[in-house]
Amino acid sequence: MIDLTLHDSGPQSLRVREFYLGRQPILDRNQALFGYELLFRNAPVGPAHITNDLSATAAVIAHAAQLGMEKTIGDALGFVNVDASVLMSDIFSFLPREKVVLEIINTMPASPEIVTRIRALASHGFRFALDDVTGETADVLALLPLVDYVKMDMRNIPLSTLSKLAPRFRQEKKKLVAEKVETREEFKNCLDLGFDYFQGYYFSKPVIMSGKKLSPSQLAVMELMTLVTSDAGNQEIERAIKRDVSLALNLLRLVNTPAVGARQRIDSLSQAVTILGRRQLQRWLQIMLYAEPSKRGHSMTPLLMLATTRGRLLELLAGKLRHNQREVADIAFTVGIMSLMDTLFGIQMADILEQIPVGDEVRDALLQRGGFYGDLLKLVECIERIEEMDNHIVPTLRDLAMSTDELVELEMAAFEWSDNVVRYAL
């Protein structure tokens, strides 16, 4: 089910303890989405300090699992950190073993009890990863036969050491995950060393290329967006859609999804444009910019997932903070979607805004992270970057007069919406 508009009733209320939910993509060698690392943390009310005591998160993981991991990760795998207290607890009845990989933190000794417990959980179908491996320590060697994945942090290991460890672990048939991959060069180095998966935001950092041109499909979408925002007639919009077969087919598929609410099958573009309406049509086009033309219909690209989640979360935040101001929520969605267009096009944001007319508030948010929309964008960017969550989220929430409970509720709704958009609308 997919609704491209803001639900009037908002996301359904979730009864959870206060916790932060960070979600960072893990990509395969083709840069397609493979999984997410999930971070659940307790957040004491008041001080800006967030405890990182993993044993205190056992109940939180259980709550999140009860809410449904599919809302959080869709069809991907969820990588969840566990320490000794969590491993020895009884929360695993809540976790869907086919959907999660349990990350063994690197500070946990491989005691006989722990090894026995991991072996027992593995026999019941749970999969494990060794996190932040920097060498062949006694603990690593003891746990290595029990895990499927070995994760190595690019910030903690020199390339020379990595070149020795990677072949060693590959020889043991382990899947290698590179963490904190922040540059294209690091990504290439890890590819050359045979890493299977990659975690980090290298894909969301723009590589600025002089003279880069938009693809014909992207140009078609941009032209359509211009027609929609300039109040062109439906016939003119229909003619423009017909010039791109991929767009036409995807629009017809979209209007025939149950959530759009057509009472009978729609087979004409003119009917589709009328039924969808200008607001949803503009939103759909914004999302379509991120769908690779060759993969439309199965486009689980990380940038697409990031853009749709970011846009929706900004929209929900704005709707929560500015009640009954739909225009504010619509602008927030646009800010979220446009905030990654420099990456999408490989063009500086300032140059993009020379081509796409936007209001002063949107421009300020995109260029300076200023104003109301800029504050929301900064908050969402902090959530996306797990390692930055400690320092910024609590003060920002306090400034916005929003609780962590409310934030998690909106995050879960945004994750689910994004997954549905990619699965059904593209």
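Throughout, residue positions are numbered sequentially from 1 according to the sequence presented. Note that the structure is a prediction, hence the values are computed from the model and not measured. What's counted below: heavy atoms across the whole structure, side chains too, no hydrogens, waters or symmetry copies.
- With hydrogens and angles disregarded, a donor-acceptor distance shorter than 3.5 Å links the side chain of T116 to the backbone of P112.
- Side chains of Q24 and Q199: a donor-acceptor N/O pair is present below 3.5 angstrom, by distance only.
- Taking all atoms of both residues into account, the shortest heavy-atom contact from L143 to I104 is CD1-CG2, 4.1 Å.
- Both the sub-6.0 Å distance and the 45° axial angle are not jointly satisfied by R170 relative to the ring of F195.
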Set out, in order, the CA-CA distance, both residues' side-chain angles and the distance that settles salt bridge (charged side-chain N to carboxylate O under 4.0 Å, His left out) for E113 and R117, then state yes or no.
CA-CA 6 Å; E113 294 80 11; R117 176 61 168 162; over 6 Å; no

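- A donor-acceptor pair is defined here as one N or O able to donate and one able to accept, closer than 3.5 Å; such a pair exists between the side chain of D196 and the backbone of L176.
- The minimum heavy-atom distance between C190 and F198, with the atom names listed, is CB-CE2, 3.4 Å.
- Side chain of Y202 to main chain of E185: no donor-acceptor pair is present (N/O by atom type, distance under 3.5 Å, no hydrogens or angles).
- Looking only at distances, a side-chain donor or acceptor of T308 sits under 3.5 Å from a matching main-chain atom of L304.
- F79 pairs by the ring pair (Phe, Tyr, Trp, His ring centres under 6.0 Å) definition with Y149, not counting sequence neighbours.
- No side-chain donor-acceptor contact under 3.5 Å links T309 to the backbone of L306.
- For the residue pair E37 / N81, a side-chain donor-acceptor distance below 3.5 Å is found, with atom types taken as modelled.
- Between the side chain of N30 and the backbone N or O of A32 there is no donor-acceptor pair closer than 3.5 Å.
- The neighbour count for Q282 CD, taken as heavy atoms of other residues, nucleotides or ligands under 6.0 Å away, is above 12.
- For the residue pair M154 and K180, the shortest heavy atom distance occurs at CB-O, 3.7 Å.
- A salt bridge between E179 and R155 is absent, with no side-chain N of the basic residue lying under 4.0 Å from a carboxylate O of the acidic one.
- Results of the salt bridge (charged side-chain N to carboxylate O under 4.0 Å, His left out) test with D330 over R312, R322, R279 single out R279 as the only residue that passes.
- Annotation: cation-pi pair R283/F333 present, NZ/CZ under 6.0 Å from the ring centroid and within 45° of its normal.
- D132 is linked by a side chain to side chain contact (heavy atoms under 4.5 Å, CB included) to N106, T134, D153, N156, counting only residues two or more places apart in sequence or in another chain.
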